[in-house]
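This report refers to the structure that appears directly beneath it.
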Amino acid sequence: MVKSTLQTNGIQTQPSQSEFLVIENLVKSYPTPTGDPFVVLDGINLTLHENEFVSLIGHSGCGKSTLLKMVAGLERATSGLITLEGKEIRKPGADRMMVFQHYGLLPWLTVRENVRLAVDEVLDGLSHAEKKDLVNAHLAMVNLTAAANKYPDEISGGMKQRVGIARALAIRPKLLLMDEPFGALDALTRGKLQRQVLDIWENNRQTVLMVTHDVDEALYMSDRIVMLTNGPNANIGEILVVPFDHPRDRHALREDPRYYELRNHALDFLDQHFSTDD
Amino acid sequence: MSLMNVAAIFAAIAQSTWNRSKILLLRDTVVLPALGFLGIIVLWWIVALFRRDLMPTPPEAFVNNLDFILNPFYQRGPGDLGLGWLLIASLRRVLLGFLLGALVAIPVGFLIGMSRPTLLALNPLIQIFKPVSPLAWLPIALAIFNLADPSAIFVIFITSLWPTIINTALGVSSVSQDYLDVAQVLEMPKWRQIYKIILPASLPYIFTGLRISLGIAWLVIVAVEMLTGGIGIGFFVWDEWSRLNLSSVFLAVLVIGVTGLLLDVAIAQLQRLVTHRRPTTAS
């Protein structure tokens, strides 16, 4: 009732459901010895809606990881504003948990302890038993129950990233950030893990921002693909809406003519911005 | 230090041959190392034949040492103790000095690794003191303590400081940014980052420092005891040489070597227990 009253009155104190993460005029530059700042990202404007899966794609060095790190709060923007549910992002926070490209697992802790560390840090209000259940549930979700007591150096890359994903999801972030989460994996493992992550997301939707350089991965997993132009002075070149309904089936996608249209379009975009580079 | 490497090579060879036939295993772990020992004994024998006046041959040395070998814990007078007691006395000094050194060096290494002003303040000091032979501290220690035993422990303490400080600082300053990013995203307070992330992440480096420190401390104690006298394996070496009893010197060298090897193995095992990671060989 209260909510509808607010909406009919048009009061904007509550951010609307559709504007979950807002990036406004974001600039990132680094000082150089010559005095002219080196501008990596030049005026990024992007809005993420709730429960949306968005991919950031672009050539290496275009600043897509930097953009993700600024959303995470791990890097400061030179100018511009990032807000999550209307609140400005100034520092790292567990509401924007990250899945790291190189997993970011602590090698002296077991798989279970790695997830538990995050739960202990973030959800310290829970009882011991609740924490234990939460950790076990998330390990089960990524099929790691059997490996729960192993150390990271005893498991494969795909398993390590599943730990990273379980750890990120266990602390119930509002926004899940993934920095080339499948980039360090071999092709077969990558495909399998993409399927698993998409399964989890389709069963339990939340807002995801994923950095990738793989067009097929972006098309398979995301609702929108944000394509960045080449750096320096990178900007959003185009936003591709992926029209396929969830749950998605990779095989069915490949039979859809629109898939190739989108794929070629995205590849053309990347090619075009590659050739202008030098 | 080289004993440590030999042990590592030994372990690597032992591991790699596990799948091969037992004859090869026997050859690599028993026959070839035995050949090495045989070579050195032959060399000793040859030298002993040329220096009949001072050097005992290996069998002569063995016979002369039978009493020491069979009765390591005899007590026949105030200064006349079995090798076991001498070894315990030396080990006590080394471990006391080493532990005191670690107690100081690990926190100092942390400070240097985490704060640039501390690094700038202490780095010149460390760079100057590090190359000084620990024995040069002995007169200063004797002037301060006026007693042989605390002075020896002090010298070992100084010896243990530098490698542990340097390696701890290196470990603390080279903690992977990924781990720190994880801690930051989880909003971990700074003091908890220190003991939940930075300390465990730098433990392998700290242990490398401790291993090097303990290795050098065991080298140094022999020399310190030669100078200070008293009860200890180092003074035993010098005392036996004064009596022209080279047989016991040979035995002492062997005992010192084996003890050093055992100390290194012990600290490597401790590292494995504490860090859950296989220790890399320090050198």
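Chain letters run A, B, ... following the sequence lines, proteins first, then strands; residues in each count from 1. Remember, predicted model here, so these are calculated numbers, not experimental data.
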Going by residue number, which parts of residues 167-177 of chain A are within reach of chain B, meaning a heavy-atom gap below 4.5 Å? R167(A), I171(A)
Gap between atom NZ of K196(B) and atom CG of L106(A) - 0.5 Å precision: 10.0 Å
Show your reasoning for whether side-chain contact (heavy atoms from CB on, under 4.5 Å) applies to D178(B) and L105(A). CA-CA 8 Å; D178(B) 278 6; L105(A) 300 182; over 6 Å; no
Hey, is CZ on R76(A) packed in by over 12 heavy atoms from elsewhere, all under 6.0 Å? no
Going from CD1 on I197(B) to CH2 on W108(A), what distance comes out if it is rounded to the nearest 0.5 angstrom? 5.0 Å
In terms of heavy-atom contacts, does CG of L120(B) have more than 12 from other residues, nucleotides or ligands at under 6.0 Å? yes
Is any residue of residues 87-104 of chain A within less than 4.5 Å of chain B by heavy atoms, and which ones? K91(A), P92(A), G93(A), A94(A), R96(A), M97(A), M98(A), F100(A), H102(A), G104(A)
Which residue pairs pass the ring-ring contact (aromatic ring centres under 6.0 Å, His included) test with at least one member in residues 129-155 of chain A, sequence neighbours excluded? Y151(A)-H276(B)
Tell me whether the count of non-hydrogen atoms from other residues, nucleotides or ligands lying under 6.0 Å of NZ in K150(A) goes above 12. no
Which residues pass the side chain to side chain donor-acceptor pair (under 3.5 Å) test with S60(A), not counting sequence neighbours? none
